[in-house]
Amino acid sequence: MTDLLLIDTAEELHKLPRTADGPRAVVMTMGALHEGHATLIRTARERAGEAGQVVVTVFVNPLQFGANEDLDRYPRTLDADLELARAAGADAVFAPAVDEVYPGGDPQVRITAGPMGERLEGATRPGHFDGMLTVVAKLLHLTRPDLALFGQKDAQQLALIRRMVTDLNFPVEVVGVTTVREEDGLALSSRNRYLSAQERRTALALSRALFAGQDRLAAQAALRARAEASPASDERATALARLGEIRCAADAHAVSAAGTGLPDAVRAAARHVLEEAGRHDPPLVLDYLALVDPQDFTDVRPDFTGQAVLAVAAKVGTTRLIDNIPLEFGAHT
Ligand SMILES: Nc1ncnc2c1ncn2[C@@H]1O[C@H](COP(=O)(O)OP(=O)(O)OP(=O)(O)O)[C@@H](O)[C@H]1O
Ligand SMILES: CC(C)(CO)[C@@H](O)C(=O)[O-]
Ligand code: BAL
């Protein structure tokens, strides 16, 4: 088990010696660490190697919170965070106060996220991504890592950080880490601790909706493969109906008639689960469900092929949650 250094000033961080033989990997967080963060830290440790160095930042960045958001009640659990970071293999935690990061008050010059930052999360949380990128840029300058790891759970954030690093020539490798989930599918998130047991049951609809979309895509791909093996469309429909997959057969008809349309079928399957959860007690209140191109977070077209992201955001009680799943649309699905 490593010893852990706690650093709270930029000056101390600047003096942190680099290890000679390995890279420095950074994991940025807002604290209230959970197993998702632990996975990022363990991955950082693997990537940095024993000869390298792993630095975790813990900072609740006021700049990325809107006026009516949860800045004040965001959980702050530094002692537990240090223990989790140490156990996961971090060498140092940088946990500065707000004044240390923004000594002159709110910065006048900021990073602008551009059009991608105005969609989905950015539409609901205006200014959020400018604030997020501004602190990520500052933390990259302060920590000077060779690699920085971010979770796929915040897919739009990850895409924007990649874009900033490319567009502004930051000398760092950005590494994305797959979303860690509870056994029942709920994506781990610091905000899950706001949920009562009953709210948590409703919140499960987010991941269930994404899995329903994923299942529809898989079923459609299988049906499409069978249908293509059959010469005539009547025969195809009969074969599918015989399989008893009535609902999927209907989709296959739609897809074969239009030649395209699978993204709509995927969205519809996910939406169905979310609509049902809208009738739970307490209800799920949907913010958005979108199937987007991860390059720019625009909606995918009906004939899209390649990697897409099915993303959802919703409120349960006063808690706003997000989740997403990557989906591969093959040329023949
Ligand atoms: N379940 C998860 N799986 C993988 N990475 C995650 C998970 N949850 C958070 N992360 C990643 O950890 C990093 C720090 O995120 P953050 O501290 O905001 O945690 P969070 O759980 O996402 O909190 P919040 O509830 O505020 O969204 C980000 O790169 C984020 O994508
Ligand atoms: C990247 C980040 C640490 C910036 O504050 C935050 O947005 C987060 O925890 O995902
Ligand atoms: N996990 C993303 C940071 C935020 O919600 O502000």
Side-chain angles (χ1 to χ4, degrees), residues 25-44 55-66 68-71 73-78 80-81 84-85 88 90 93-96 98 101-102 110-111 113 117 120-122 124-140 142-143 145 147-162 164-165 172 174-183 185-195 203 206-207 210 287 311 313 315-316 318-326:
V26 163
V27 174
M28 296 181 192
T29 79
M30 301 205 305
L33 302 187
H34 50 63
E35 191 51 33
H37 299 114
T39 302
L40 260 69
I41 298 167
R42 281 195 291 269
T43 310
V55 179
V56 174
T57 69
V58 173
F59 180 63
V60 184
N61 174 36
L63 233 54
Q64 70 190 68
F65 285 77
N68 301 317
E69 294 182 3
D70 56 344
L71 174 63
R73 74 163 175 151
Y74 198 84
R76 285 150 172 99
T77 61
L78 187 59
D81 293 348
L84 183 143
V93 168
F94 178 52
V98 174
V101 177
Y102 302 117
R110 302 182 187 200
I111 303 280
L120 303 191
E121 280 302 283
T124 303
R125 305 182 67 187
H128 165 65
F129 284 127
D130 292 0
M132 179 280 292
L133 287 179
T134 301
V135 85
V136 169
K138 282 182 71 98
L139 290 171
L140 286 172
L142 287 164
T143 56
L147 43 142
L149 295 90
F150 297 92
Q152 177 69 37
K153 197 212 66 166
D154 297 278
Q156 197 174 359
Q157 165 173 289
L158 174 59
L160 280 161
I161 293 170
R162 286 191 194 287
M164 175 179 77
V165 162
V172 66
V174 175
V175 177
V177 177
T178 307
T179 302
V180 180
R181 298 178 180 282
E182 306 268 16
E183 267 186 14
L186 186 70
L188 292 179
S189 162
S190 304
R191 289 184 170 102
N192 289 351
R193 61 183 79 194
Y194 297 150
L195 299 169
L206 274 87
S207 53
L210 301 178
D287 182 349
K315 258 187 154 181
V316 181
T318 56
T319 305
R320 185 172 181 279
L321 298 169
I322 61 171
D323 198 357
N324 72 87
I325 197 168

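Counting convention: from 1, in listed order, for ligands and their atoms alike.
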- [ ] Report the C-alpha distance between Y74 and N61 in whole Å, list the side-chain angles of each, state the deciding distance to 0.1 Å, and finish with yes or no for side-chain hydrogen bond (donor to acceptor under 3.5 Å, both in side chains).
- [x] CA-CA 10 Å; Y74 198 84; N61 174 36; over 6 Å; no
Open item on the list: I'd like to know if the side chain of E35 reaches the main chain of V180, judged simply by a donor and an acceptor atom lying under 3.5 Å from each other, with no hydrogens or angles considered.
Closed with: no
- [ ] Please name all residues satisfying ring-ring contact (aromatic ring centres under 6.0 Å, His included) with H34, sequence neighbours left out, ordered by chain then number.
- [x] H37
TODO: Using a 4.5 Å cut-off on heavy atoms from C-beta on, say whether the side chain of R193 contacts that of P75.
DONE: yes
- [ ] Would you mind telling me which of L149, N324, V174 makes a side chain to side chain contact (heavy atoms under 4.5 Å, CB included) with L158?
- [x] V174
Open item on the list: Would you say that N192 contacts L321 through its side chain, given a criterion of any heavy-atom pair below 4.5 Å between the two side chains?
Closed with: yes
Can you produce the list of protein nitrogen or oxygen atoms under 3.5 Å from a nitrogen or oxygen of ligand 2, alongside each distance?
unit_1, atom_1, unit_2, atom_2, d
ligand 2, 5 (O), Q64, OE1, 2.7
ligand 2, 7 (O), Q64, NE2, 2.9
ligand 2, 7 (O), Q157, OE1, 2.7
ligand 2, 10 (O), Q157, OE1, 3.3
ligand 2, 10 (O), Q157, NE2, 2.8

- [ ] For residues L139 and F94, report the shortest heavy-atom separation together with the two atoms involved.
- [x] CD2-CE2, 4.1 Å
Open item on the list: Given a heavy-atom cut-off of 4.0 Å, could you list the residues near ligand 3 in chain and number order?
Closed with: M30, Q64, R125, H128, D154, Q157, R191
TODO: Kindly say whether V101 contributes a backbone atom to a donor-acceptor pair with the side chain of K138 at under 3.5 angstrom?
DONE: yes
- [ ] For residues L186 and A203, report the shortest heavy-atom separation together with the two atoms involved.
- [x] CD1-O, 3.9 Å
- [ ] Please report the shortest heavy-atom distance between T29 and L33, naming the atom on each side.
- [x] OG1-CD2, 3.4 Å
Open item on the list: Quick one, M28 and L140 - any side-chain contact, counting heavy atoms below 4.5 Å?
Closed with: yes
Open item on the list: Return the CZ to CD1 distance between F150 and I161, rounded to the nearest 0.5 Å.
Closed with: 4.0 Å
Open item on the list: Can you work out which protein residues put a heavy atom within less than 4.0 Å of ligand 1?
Closed with: M28, T29, M30, H34, G36, H37, L40, Y74, F150, G151, K153, D154, Q157, T178, T179, V180, L188, S189, S190, R191
- [ ] Could you tell me whether R181 and D323 make a salt bridge, using a distance below 4.0 angstrom between a side-chain N and a carboxylate O?
- [x] yes
